[in-house]
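Because only heavy atoms are used, hydrogens play no part in the values below, and waters and symmetry mates are left out as well, while side chains stay in.
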Amino acid sequence: MKFETRVQELKHKVLKETIKYLKDGKENLDYNDFDAIVKNIIPGKKPSFRCCVYKERAIVEERVKLILNSSSSQDTNVIKVISIACDECPLGGYTVSSDQCRGCIAHRCYEACPKKCISFTDGLRAQIDKTNCINCGLCAKACPYSAIENRVRPCEKACKQKAITPNMLEDDNSAHINDEKCIHCGACVYTCPFGAIVDISYIKEILQILRTSDKQHVYAVMAPSIGGNFLDAKTGQIVSALKKLGFHEVVEAALGADMVALEESHELAERGILTSSCCPAFALYIRKFFPELAQYISSSPSPMAMIARHIKENDKDAKVIFIGPCTAKKSEIKNPRVRPYVDSAMSFEELQALLDAYEIDPKTLQEEEFRKGSKFGRGFAKCGGLSKAVEQALKETNTDFEVKGINVDGMDNIKKALLELKNNKNLFNFIEGMACDGGCIGGPCNLEHTARTKMMIDKYSAEAGVVIKENIDKESNLD
């Protein structure tokens with residue numbers, strides 16, 4: 001496959017090579033195994049992405065250890081920093097561009113600075129005294145030439161919750177994640193140009209589950225955004241590939257989304273004000289940063305949890321593994337309300353590595369049937385899809401309730417909407433929140449993030465039925 005970045009390519013190589021060892025039941029790798037995996041990924045003596053092969057191999061080894069140890073870890077945060085991989089990007093803060101600063105005589109930057117830490121070289125060019133600067137940004141706003149910029153690390157810039165800071169405790173300036181602020185959205189994972197921030201992998205436990213599939217029925221629950229991934233193969237061929245891996249049956253989380261739409265529409269009409277619960281990062285953000293609004297979070301489970309619960313209620317031998325583009329789902333499965341129903345989760349990136357390690361090419365396989373969601377259930381992959389499904393569910397159940405909803409994606413927009421709800425409960429009665437830009441199609445673990453992905457999701461949704469209740473009746477019988 002074609003990779004978006006070399007970071008994604010490295011992640012794929014590490015997963016693929018590690019899976020090759022794990023798939024045969026060898027779970028406790030010795031020194032020789034580690035050495036073989038690392039040298040398969042980083043052969044020769046010439047470095048390809050860092051200063052030397054020794055640092056490259058050390059980084060790869062840390063990635064392999066995370067894969068092997070993630071399943072047994074009691075740590076609640078699924079986002080980790082590999083310190084040795086962090087480039088310790090310079091802590092720039094607000095700086096003056098010598099090319100842009102014109103040495104004007106107005107000196108608005110100086111007047112705007114509350115600490116008066118701006119001086120002028122030879123009476124002309126502005127410069128900032130970093131010992132006094134508090135990074136308030138008022139000077140940058142005042143500069144008529146936009147000559148003052150805030151140089152922020154990519155990971156810090158991506159994290160709107162300010163959960164990432166330099167690791168002052170270790171005194172090495174590598175990135176550090178504050179678990180109290182982190183919502184597991186994975187924006188930093190996707191953004192870090194050095195691949196130093198990673199999502200943990202449960203691939204080891206997933207392989208263990210698949211090896212016992214003769215005793216249990218292992219179900220794959222695919223996120224609706226499957227339609228925007230694996231674009232060289234049809235979804236039915238991906239289903240065939242999953243069954244070759246040992247899955248008993250494949251069910252779309254979109255079917256669970258249909259069920260959520262019915263349940264959430266009823267709850268909205270009953271309670272009057274609601275915020276969605278489908279995106280775990282959005283719900284966690286409310287609980288951490290707007291606890292006074294937590295009372296409005298829908299009590300409905302996410303589509304993943306909803307369909308997993310349905311599967312286990314109908315098949316006592318079922319094991320359920322979720323597959324999607326989301327890092328926060330790996331956190332959600334640890335939630336006590338969800339854990340009884342979802343046994344593990346993996347990303348689309350991990351599924352690609354799994355298929356490659358087993359040498360399964362979906363394009364060569366016949367299509368197989370699977371349990372499908374409706375057009376509205378599949379629409380959950382994009383921001384706004386849930387709101388449309390709720391409105392459709394109200395229509396199908398003849399519920400007389402006017403939805404005054406707002407659809408927000410990206411944490412900046414979410415924060416703004418929640419502030420508005422906090423200050424005025426009459427503005428709207430339903431907030432659909434999606435942490436990733438665009439919704440799940442912008443998730444950090446999608447195989448690609450392009451305009452083509454959005455078009456394919458629209459096409460995928462259009463192929464499905466248009467009646468929610470009818471689709472549930474048709475597809476939910478697991479006998």
Side-chain angles (χ1 to χ4, degrees), residues 3-15 17-18 34 37-39 41-67 69-70 75 77-99 128 130 133 135 137 148-179 181-201 327 347 349 411 436-437 444-446 449:
F3 298 98
E4 278 193 332
T5 67
R6 293 197 66 193
V7 169
Q8 190 185 46
E9 182 180 6
L10 176 64
K11 186 176 184 179
H12 178 269
K13 286 181 178 179
V14 173
L15 281 164
E17 292 300 321
T18 307
F34 265 100
I37 291 174
V38 169
K39 288 183 178 178
I41 298 168
I42 311 294
K45 297 181 178 181
K46 292 184 178 181
S48 60
F49 62 89
R50 298 308 288 259
C51 59
C52 64
V53 292
Y54 306 107
K55 184 164 186 175
E56 291 182 354
R57 287 170 182 165
I59 291 170
V60 167
E61 186 170 333
E62 289 302 311
R63 283 180 168 270
V64 174
K65 287 178 180 177
L66 272 176
I67 295 171
N69 299 329
S70 292
D75 199 338
N77 199 337
V78 298
I79 310 298
K80 302 295 178 187
V81 177
I82 301 176
S83 296
I84 192 175
C86 181
D87 195 54
E88 300 180 32
C89 306
L91 302 173
Y94 283 92
T95 57
V96 180
S97 168
S98 58
D99 293 335
I128 300 174
K130 290 294 184 180
C133 179
N135 289 317
I148 303 177
E149 299 175 314
N150 187 18
R151 295 184 178 178
V152 182
R153 291 178 172 187
C155 56
E156 290 187 47
K157 188 175 182 180
C159 182
K160 306 302 181 181
Q161 296 71 250
K162 302 187 184 303
I164 300 180
T165 58
N167 190 358
M168 298 304 185
L169 293 177
E170 300 294 334
D171 197 30
D172 62 359
N173 281 334
S174 62
H176 171 74
I177 299 175
N178 182 341
D179 292 349
K181 294 182 177 181
C182 181
I183 60 170
H184 315 145
C185 65
C188 56
V189 174
Y190 179 69
T191 302
C192 177
F194 286 93
I197 307 180
V198 299
D199 55 306
I200 65 174
S201 176
T327 55
S347 67
E349 290 176 325
M411 297 313 303
C436 297
D437 292 338
C445 299
N446 280 299
H449 302 74

> Quick check: does any side chain N or O of T327 sit under 3.5 Å from a backbone N or O of H184, one acting as donor and the other as acceptor?
yes
> How close do R63 and I82 get, heavy atom to heavy atom, and via which atoms?
CG-CD1, 3.5 Å
> Find out whether K130 and T95 are in side-chain contact, i.e. whether some heavy atom of one side chain is under 4.5 Å from a heavy atom of the other.
yes
> Which heavy atom of Y94 sits nearest to which heavy atom of I128, and what is that distance?
O-CD1, 3.5 Å
> State the CD1-CG distance between I67 and L15, to the nearest 0.5 angstrom.
4.5 Å
> Keeping K45 on the side-chain end and C52 on the backbone end, is there a donor-acceptor pair under 3.5 Å?
no
> Quick one: closest heavy-atom pair of V189 and V198, and the distance?
CG2-C, 3.9 Å
> If you count every heavy atom of other residues, nucleotides or ligands that lies below 6.0 Å from Y54 atom OH, does the total exceed 12?
no
> Shortest non-hydrogen contact from V7 to F194?
CG2-C, 4.1 Å
> Atom CZ in R153, atom OG1 in T165: separation rounded to 0.5 Å?
9.0 Å
> Would the distance check show the side chain of E17 and the main-chain N or O of V38 forming a donor-acceptor pair, the cut-off being under 3.5 Å?
no
> Is Q8 reaching over with its side chain to a backbone N or O of E4, donor-acceptor style, under 3.5 angstrom?
yes
> Distance-only, no hydrogens or angles: does the D87 side chain make a donor-acceptor pair with backbone N or O of C89 under 3.5 Å?
no
> Atom CD1 of I41 and atom CD1 of I59: how far apart are they, to the nearest 0.5 Å?
12.0 Å
> Applying salt bridge (Lys or Arg N to Asp or Glu O under 4.0 Å), name anything that partners K65, two or more places apart in sequence or on another chain.
E61, E62
> Between E156 and P166, is there a side-chain heavy-atom distance shorter than 4.5 Å?
yes
> Show your reasoning for whether side chain to side chain contact (heavy atoms under 4.5 Å, CB included) applies to I177 and V81.
CA-CA 8 Å; I177 299 175; V81 177; 3.8 Å; yes
> Using only atom types and a distance under 3.5 Å, with no angle test, would you say the side chain of R6 pairs donor to acceptor with the backbone of S48?
yes
> Is there a side-chain contact between I200 and N69 (heavy atoms, below 4.5 Å)?
no
> Please report the shortest heavy-atom distance between P154 and T191, naming the atom on each side.
O-CG2, 3.5 Å
> When you measure from the side chain of R50 to the backbone N and O of A85, does any donor-acceptor pair fall under 3.5 Å?
yes
> So do M411 and I183 actually touch side chain to side chain, heavy atoms under 4.5 Å?
yes
> For S174 and C86, work out which heavy atoms get closest and say how close.
CA-SG, 3.6 Å
> Under a 4.0 Å N-O cut-off, is there an ion pair linking D199 with K11?
yes
> Are K39 and R57 close enough that some pair of their side-chain heavy atoms sits under 4.5 Å apart?
yes
> Could you give the distance from CD1 (I197) to OG (S83), rounded to the nearest 0.5 Å?
10.0 Å
